[in-house]
Number of protein chains: 2
Amino acid sequence: MLSFTEENYLKSIIQLTIFDDDITEVGVNKLAENLGVKPATVSDMVRKLKDKGLVNYQRYGKVSLTKEGQLKGMLVVRRHRLWETFLQEKLGFNWDEVHELAEELEHIHSKKLIDRLDNFLDNPSFDPHGDAIPNAQGEIIIPYRKTLSEGEDGKSYKIVAVKDNSPEFLKYVNRLNLAIGDKVSVVSKESFDQSMTIHFKDENKVVTPKFSENVFVVCSHCNKAKECKC
Amino acid sequence: MLSFTEENYLKSIIQLTIFDDDITEVGVNKLAENLGVKPATVSDMVRKLKDKGLVNYQRYGKVSLTKEGQLKGMLVVRRHRLWETFLQEKLGFNWDEVHELAEELEHIHSKKLIDRLDNFLDNPSFDPHGDAIPNAQGEIIIPYRKTLSEGEDGKSYKIVAVKDNSPEFLKYVNRLNLAIGDKVSVVSKESFDQSMTIHFKDENKVVTPKFSENVFVVCSHCNKAKECKC
DNA sequence: TAATAAAGTTAGGCTAGACTAACTAATAAG
DNA sequence: CTTATTAGTTAGTCTAGCCTAACTTTATTA
Ligand SMILES: [Mn+2]
Ligand SMILES: [Mn+2]
Ligand SMILES: [Mn+2]
Ligand SMILES: [Mn+2]
């Protein structure tokens, strides 16, 4: 049975590799920063995880997940995202509140509990932030999405997810009166500073790249990001 | 913020004092046994809890809860019993499975979460084992109950709770085909070994004191344990 | 290619929460 | 009232997970 800490390491490695544009390995310093600990601490732990067969690693090398490490990590992600969904769907929490609570709930191990929760929620495919929920086998299908910042002038998009999950960002999205599923069209892009004018709900608004780079979209007509010929 | 361990100590002290026939203090050895650790460990921790103002204690003395310790402990009990209720009511777990899971869930602190859970469950008064659920202020009303072993010949009772919460005991109750809310009448008591013949669902069955001492009942007519004149 | 910077490791130390072994205080029995 | 028993404490040790400071390896850049 893995400790909270070990699970958080695996989850962090997943975020920095599998979930980050198909990079397959990550350095100790980056991992340390992501986990909010010092590199020295990660050095130790990563050796421990290697001894347990959860990561591939050798001195001065990069870290990646083994098959088993990935499975265990994905199950943490599964629990996290199912609890987030529960908190929003059943207890009425806002999408900017669920992450923090899920950080605790994700460490409750019972497979039976989590599979029943899944069922209770009608086997959701996505969490409140639009992120895919891994299945009970730890498999995940991440649909291809692009960021709003990649959008083209005049085209219409549907918001499917957000990259940044911080309460600050999510509350800003709330204030803009936008949510997952909403449609926005790109009016114009300013090449000087990457600011963008977008149109939604009968209004034009200017957003910074900090916003548009953190919003995932697909074509509002064909629901695709790649290979859209609309 | 209290650690898991500290919370477990407070909960344990509650169980051994407030919930155990109004005894008000408990010794280090008993506490150690209840927590599954050695007395030396408890000696240390109890001093720490005293320094934090959560227990009354002095060297070689007994341990009891301060006002604050009792409040904090009762909130753990509240969380425990609400999660047990959730697991049974919403996720369809059996009453013999919920305790173990609640042991983990009870340590998730968010007040907002637990109050919303309470609301989601329609503010239940009792958990799956018939135990009262403390309110958000840590107050609890424990109705007066007697054990089936105290029952009188020929009288009819309603099962309101169980004392032993172990899966073994609860599964035995299941096999007897009994549950909270069921009516049983006492046919006869054997003074030699305290065995009891009880009648329910058109059947007579003999039960040992190990059973009858762990089942709480009230009069099936007036719903009282004390002052019943039926 | 040599110097410098960045990345990563090691050694030693800290705290929480557990343990064992040896001790001391309180209580019960004779 | 003295002794034996039980209850409780202390000292020292261990592990997990963190830290800092000093060091080493790898990568970058002149
Ligand atoms: Mn999250
Ligand atoms: Mn999420
Ligand atoms: Mn319980
Ligand atoms: Mn219970």
Side-chain angles (χ1 to χ4, degrees), chain A residues 1-13 15-17 20 23-65 69 72-73 76 103-104 106-109, chain B residues 1-13 15-17 20 23-65 69 72-73 76 103-104 106-109:
Chain A
M1 183 104 312
L2 300 180
S3 68
F4 280 33
T5 307
E6 289 169 325
E7 289 193 337
N8 283 335
Y9 275 75
L10 296 183
K11 190 161 59 97
S12 199
I13 298 167
Q15 275 159 12
L16 295 172
T17 58
D20 195 0
I23 292 159
T24 53
E25 46 178 30
V26 62
V28 164
N29 279 4
K30 203 164 186 189
L31 201 42
E33 197 204 321
N34 189 266
L35 285 161
V37 298
K38 301 291 165 181
T41 307
V42 173
S43 254
D44 275 354
M45 180 56 103
V46 132
R47 195 167 26 74
K48 219 179 82 182
L49 293 174
K50 186 203 160 78
D51 293 345
K52 289 198 177 188
L54 298 167
V55 303
N56 307 115
Y57 163 77
Q58 49 200 43
R59 272 173 36 128
Y60 295 102
K62 301 279 181 190
V63 183
S64 66
L65 291 167
K72 295 277 174 64
V76 182
E103 286 291 306
E104 299 191 53
E106 72 189 6
H107 300 294
I108 288 156
H109 288 103
Chain B
M1 183 104 311
L2 300 180
S3 69
F4 281 32
T5 307
E6 289 169 324
E7 290 193 337
N8 283 335
Y9 274 75
L10 297 183
K11 190 161 59 95
S12 200
I13 298 167
Q15 275 158 11
L16 296 172
T17 59
D20 195 358
I23 292 160
T24 53
E25 46 179 29
V26 62
V28 164
N29 280 3
K30 203 164 186 190
L31 200 43
E33 197 206 320
N34 189 266
L35 285 161
V37 299
K38 299 292 167 182
T41 309
V42 174
S43 254
D44 275 354
M45 181 55 105
V46 133
R47 196 167 26 73
K48 219 180 82 181
L49 293 174
K50 185 203 159 77
D51 294 346
K52 289 198 176 188
L54 299 168
V55 303
N56 307 116
Y57 163 77
Q58 50 201 42
R59 272 175 35 134
Y60 294 103
K62 302 280 179 190
V63 183
S64 66
L65 291 167
K72 296 277 174 65
V76 181
E103 286 292 306
E104 298 190 54
E106 72 187 8
H107 300 293
I108 288 155
H109 288 103

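Note on naming: letters A, B, ... go to the chains in the order of the sequence lines (proteins, then strands), and numbering restarts at 1 for each one.
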Taken to the nearest whole Å, NZ/A:K52 to C1'/D:dA16 is 10 Å
(request) Mark yes when over 12 heavy atoms from residues, nucleotides or ligands other than A:E33 sit less than 6.0 Å from its CD; otherwise mark no. (result) no
Between B:L31 and B:S12, the two heavy atoms sitting closest are CD1-OG, 3.8 Å
From CD of B:E25 across to C1' of D:dA7 the rounded distance in Å is 14 Å
For A:E104 and B:H109, the nearest pair of non-hydrogen atoms, with its separation, is OE1-N, 4.0 Å
Original post:
Is the count of non-hydrogen atoms from other residues, nucleotides or ligands lying under 6.0 Å from B:K52 atom NZ greater than 12?
Top reply: yes
Taken to the nearest whole Å, CG/A:N8 to P/D:dA16 is 17 Å
Rounded to whole Å, the CG-P distance (B:N29 to C:dT27) equals 13 Å
Test side chain to side chain contact (heavy atoms under 4.5 Å, CB included), reference A:L49, set A:V55, A:V42, A:L2, output is A:V55
For B:A32 and B:K38, the nearest pair of non-hydrogen atoms, with its separation, is CB-C, 3.8 Å
In 5'-to-3' order, the base (B), backbone-only (S) or no-contact (-) status of each nucleotide in nucleotides 12-24 of chain C, using a 4.0 angstrom heavy-atom cut-off, is ----SSSBB---B
